[in-house]
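Scroll down for the structure; my scribbles are underneath it.
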Number of protein chains: 2
Amino acid sequence: MIVKNDRQKQKELTKNAILKVAEEIVLQEGWQAVSIRKIAEAIGYSLPVVYNHFENKDAIQEEFVKNGFNMLAMAMQSTKEKYPEPEQQLTQMALTYYDFAFSNSAYYKMMFGLGIPSCQKANEIAEIGNFSAIIIEVISELMGETDKQRKFLKFHTLWSILHGLTSINMVNLTAAPDEMQQQILLDAIHGFIKNINN
Amino acid sequence: MIVKNDRQKQKELTKNAILKVAEEIVLQEGWQAVSIRKIAEAIGYSLPVVYNHFENKDAIQEEFVKNGFNMLAMAMQSTKEKYPEPEQQLTQMALTYYDFAFSNSAYYKMMFGLGIPSCQKANEIAEIGNFSAIIIEVISELMGETDKQRKFLKFHTLWSILHGLTSINMVNLTAAPDEMQQQILLDAIHGFIKNINN
DNA sequence: AGTATAAGTTAACAGTGTTAGCTAAAAGAG
DNA sequence: CTCTTTTAGCTAACACTGTTAACTTATACT
């Protein structure tokens, strides 16, 4: 029925409204500042209405994690298409990764916060699979062999390097100067590519 | 006075008691399960007494971060002393790092949680300096030159690799099989050492 | 028009970090 | 040994948090 569609449409609308207002708070004050009450007030409904669209607060966070991985995957895919050579692609994609993390640090923190609630379910998030696939594709072109497991291993190594650099700078543990950071990243990627067939 | 010493002694005693009970909760249920009320009840005092020893909850967490870095530094130093060759030392120290992170994951999460509260003050924590020094020492021996900045750069790269591997496995994002993980780590360290003079 | 279903409400439960204000005990001075 | 000052500790409260039960109102269907 048309009426039923209207209902569903309305439901999606308020669901989007919830995510939108949540994002505003996340970007301005971080995830810890998001509360169900703030969301409810902002969308003009009473508190329990939020629970009609999300089972709990963690479910909202999960949406941000998925969204974040999609954004990251799109950014890297777009960078990849700008360069012809795999080596160049990978290097530039690494810079894109780093850039994404700091331009969208609120998202990045939610995606990788070690206290992530859905820790067990993290490997079930499809969006991460898409992200992985994009990188593995480039790695494949750089590697002579085609052993799936070795490609996955190399992907895992690369991702670790990227995330490690990013997160250590993010918590500002070493306070490396700004101009040094890109150098470190390029140094690490260079080493990775040089060693990709070992 | 002796009396004054007794007072101070008592104060330190309850401060240690607070940290001890906090650690118990952290190890069993994680940091998010720690509450000031639980601590107060466990040490047999009323709630505000905790605030006589720590300015706020974040101050307690900071203690864990410091402690964690000391434990990690000691473990790596101890491993280092077991091997004569720098290359061997670095490889084994990497394994120790990884092992520490998963044997003391509650500590590790507090040390590196991206939502770390004292984010700005993180570079002021002296314990991190000690930890850095131990690794930089080994790197120095592996590097021909002695440019301080380049050594720091290499240290930063290595730490990023270690932390990246660790934390990505910790949030279980890729679900790499267990036997693969050590291989990845060794692969990455091998690449790092091979490239250390580039 | 009357009934079943869904939407939205208020109010409460069980927590959280943090602080103001009071009381009881110990320390220092006369 | 008493009196005053300092300190230790307490109760109670504030302003929040996520989550849920129970009730009301409005919509849809027979």
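Because the structure is a prediction, the values reported are computed rather than measured. By convention in this document, chain letters (A, B, ...) are assigned in the order of the sequence lines, proteins followed by strands, and residues within each chain are numbered from 1.
In this structure, of D:dT17, C:dA20, C:dG8, it is D:dT17 that holds the atom nearest to the side chain of A:Arg37. Comparing C:dG8, C:dT16, C:dT10 by their nearest atom to the side chain of A:Tyr45 picks out C:dG8. The side chain of A:Lys57 lies closest to D:dG18, out of D:dT11, C:dG8, D:dG18. In this structure, of C:dT18, D:dT11, D:dT20, it is C:dT18 that holds the atom nearest to the side chain of B:Ile36. The side chain of A:Pro48 lies closest to D:dT20, out of D:dC10, D:dT20, C:dT16.
For the pair A:Ser35 and D:dT17, the criterion of a side-chain N or O lying under 4.0 Å from OP1 or OP2 is met.
Side-chain contact of A:Gln77 with A:Glu81: a donor-acceptor pair under 3.5 Å is present, judged by distance alone. For the 3.5 Å distance criterion, the side chains of A:Tyr45 and A:His53 fail to qualify, holding no donor opposite an acceptor. Between the side chains of A:Tyr107 and A:Glu23, a donor-acceptor pair is found at a separation under 3.5 Å.
Between the CD atom of A:Gln32 and the C1' atom of C:dT16 there is a distance of 14 Å, given to the nearest Å. Whole-Å rounding puts the A:Ile43 CD1 to C:dA7 C1' distance at 13 Å. As rounded to whole Å, 15 Å separates atom P of D:dG18 from atom CD of A:Glu55. Between A:Phe54 atom CZ and D:dT20 atom C1' the separation is 19 Å, expressed in whole Å. Atom CG of B:Asn56 is separated from atom P of C:dT19 by 8 Å (rounded to the nearest Å). Rounded to whole Å, the distance from CD on A:Gln10 to P on D:dT27 is 12 Å. In this structure, A:Ile39 places its CD1 atom 11 Å from P of D:dT19, rounding to the nearest Å. If you take CG of A:Leu47 and P of D:dA21, they are 14 Å apart, rounded to a whole angstrom.
Note that A:Lys154 lies outside the cation-pi zone of A:Trp159, set by a 6.0 Å cut-off to the ring centre and a 45° limit from the axis.
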| field | Test ring-ring contact (aromatic ring centres under 6.0 Å, His included) applied to B:His163 and B:Tyr98, step by step | value | CA-CA 8 Å; B:His163 172 62; B:Tyr98 196 77; over 10 Å; no
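At the heavy-atom level, A:Val34 lies under 4.0 Å from the strands shown only through sugar-phosphate atoms. The residue A:Tyr51 sits close to a base: some heavy atom pair falls under 4.0 Å. Counting any heavy atom pair closer than 4.0 Å across all strands shown, B:Asn52 reaches no nucleic acid atom.
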